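Following: one structure in structure tokens, then a few remarks.
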Protein chains: 2
Amino acid sequence: MAMDRDQVLRAAAALLSRKSTATMDEVAKAAGIGRATLHRHFAGRDALVKALEELGIREFEGAFDRARLAEGTAEEALRRLVAETEPNAQLLAFLVTENQLFEGDEVHEGWTRLDARVSALFKRGQEEGDFRIDLSLAWLTEALYGLIGTCAWAVMDGRVAAKDFQYMVIELLLGGARRSVEK
Amino acid sequence: MAMDRDQVLRAAAALLSRKSTATMDEVAKAAGIGRATLHRHFAGRDALVKALEELGIREFEGAFDRARLAEGTAEEALRRLVAETEPNAQLLAFLVTENQLFEGDEVHEGWTRLDARVSALFKRGQEEGDFRIDLSLAWLTEALYGLIGTCAWAVMDGRVAAKDFQYMVIELLLGGARRSVEK
DNA sequence: CTCAAATGAGACGTCGATGTCTCATTCAAT
DNA sequence: ATTGAATGAGACATCGACGTCTCATTTGAG
């Protein structure tokens, strides 16, 4: 069975999101190709992870574009963003935890761009009076990634229904657990 | 230099929380003991991780006890819980991501107990009208762990100030990012 | 159909981490 | 001071994953 390089990447992403220590052999099996062919596409494990990172960045830049973060209220934009992000939530979870390992290494420039876009969205929300100003932009950004990743894991483990993903992430992120009076 | 078994465990926890792929040799160095001695304490890497898991469970059971989850409002109890959890937030982050790897293996019974206590706290909050009922108990529990771990990482990376840890976690978890009218 | 390119399966050799072992040294209790 | 236990350093074999290579087979374009 022959697969496009992108299809291989997506299969690898699906596997590695669940089992980040999976062997190259397991990745090849999961992609339905031979290990040799996998090595023909990606020089090694590092190259594979780097390619996954770039796939993720591509996907999320696309998702950010589709979410039209500048339109409507910041809250509406954030809702669209979570919705657009859902298909790649597992990949995000993988990349976020993977990035924890890179200590000294410089962070991929693409992440900086994405962080800046998220941060700008939260900033707009704060300036327009929709979001709290006592939570730092950096923390709101991290919390968004964290909640998406956490919920992706919870869905994988069956603790949260897949259909509830968007609702759970966005409602907790926006409204929190406290029951407010006007609700 | 001789170290107590528990001191070794804490040193290992501190290292592995930041670099989960650290070598047994690195762990030994970090603990200030020889690799042979490390092996005398823990049969192997698996045994070390299992011991770390049990240390974590012990610590968190203690933290839960000190937080007196049954007293006061659920919100107050949750605030105390986050405060008591902070010293071991890195360990929690490590164990949560590590647990993602155990696929078929059964989950440690201690986690089930802890999950039940957190879940019961959120349930109490829902029944007393303090917490929203449209967010499932399982999700609230996962989100608590996720936000603690995410914030622990953010602090390690310097994106969030250590002194803000409790505030950022509890405020986002309870109130969310939205600016509500009565605040 | 023909043939060149790509693939899959497997056989290597390499390397790093692991786990065991030995032995000299240190530590602590007596 | 003496002695037995614990430790640190290092040697050693093992094992798993990796990366490269070969070769028979398949694929696909002409």
Side-chain angles (χ1 to χ4, degrees), chain A residues 1-56 90-91 94-95 97-105 108, chain B residues 1-56 90-91 94-95 97-105 108:
Chain A
M1 183 197 313
M3 289 186 90
D4 188 276
R5 178 193 148 107
D6 235 59
Q7 290 175 284
V8 174
L9 267 183
R10 282 172 204 288
L15 173 60
L16 289 173
S17 300
R18 276 176 287 115
K19 187 180 178 185
S20 60
T21 60
T23 286
M24 289 296 274
D25 200 82
E26 294 175 289
V27 173
K29 290 277 192 300
I33 65 176
R35 196 163 63 96
T37 308
L38 180 60
H39 272 84
R40 284 186 194 104
H41 281 302
F42 309 101
R45 193 193 184 73
D46 292 347
L48 174 62
V49 172
K50 177 166 285 188
L52 271 176
E53 195 176 27
E54 270 152 24
L55 171 67
Q90 291 189 14
L91 181 57
F94 168 71
L95 293 176
T97 58
E98 195 73 3
N99 265 5
Q100 280 307 115
L101 300 183
F102 295 162
E103 291 214 355
D105 292 306
H108 191 295
Chain B
M1 183 197 314
M3 290 186 88
D4 188 278
R5 179 193 147 109
D6 233 59
Q7 289 175 287
V8 174
L9 266 184
R10 284 173 202 286
L15 173 61
L16 289 173
S17 299
R18 274 178 288 117
K19 187 179 178 186
S20 60
T21 60
T23 285
M24 290 295 275
D25 200 83
E26 295 175 288
V27 174
K29 290 276 191 302
I33 63 176
R35 198 164 61 94
T37 308
L38 180 61
H39 275 287
R40 284 185 193 104
H41 280 303
F42 309 100
R45 193 192 183 73
D46 292 349
L48 175 63
V49 172
K50 178 166 286 190
L52 271 176
E53 196 176 24
E54 271 152 24
L55 171 67
Q90 291 189 15
L91 181 57
F94 168 71
L95 292 176
T97 57
E98 194 74 3
N99 264 5
Q100 280 306 114
L101 300 183
F102 295 161
E103 291 213 354
D105 293 307
H108 191 296

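As the structure is a computational prediction, the values presented were derived from the model and not from experiment. To find a chain, count down the sequence lines: A is the first, B the second, and so on, and within it residues start at 1.
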Integer-rounded Å distance: C/dT18 P and B/E26 CD: 9 Å
Nearest-Å distance for atom pair NZ/C1', residues B/K19 and C/dA17: 13 Å
Nearest to side-chain heavy atoms of B/A36, which nucleotide of D/dG10, C/dT7, C/dA17: D/dG10
Whole-Å gap separating P (D/dC21) and CG (A/L38): 17 Å
Nearest-Å distance for atom pair CE/C1', residues A/M24 and D/dT20: 13 Å
Short N-O contact, B/R10 and B/D6, less than 4.0 angstrom: yes
Whole-Å gap separating P (D/dG16) and CG (B/D46): 13 Å
Distance in angstrom units between B/D25 CG and D/dA9 P, rounded: 10 Å
Reported CG-to-CZ distance for the pair A/L16 and A/R45, which is rounded to 0.5 angstrom: 6.0 Å
Sugar-phosphate only, base, or nothing, as touched by A/R45 at under 4.0 Å among non-hydrogen atoms: sugar-phosphate
Close side-chain approach of B/E54 and B/H108, heavy atoms under 4.5 Å: yes
Proximal nucleotide (of D/dT7, D/dG19, D/dA17) relative to the A/H39 side chain: D/dG19
Selection from C/dT18, C/dA11, C/dT7 that lies nearest to any side-chain heavy atom of A/R35: C/dA11
DNA chain D: 5'-proximal contact among B/K29 and A/A43 (nearest heavy atom): B/K29
Distance, rounded to the nearest Å, where A/R40 contributes CZ and C/dG8 contributes P: 8 Å
Stepwise salt bridge (charged side-chain N to carboxylate O under 4.0 Å, His left out) check, A/K50 with A/D46: CA-CA 6 Å; A/K50 177 166 285 188; A/D46 292 347; over 6 Å; no
Whole-Å distance separating the CD1 atom of B/I33 from the P atom of D/dG10: 16 Å
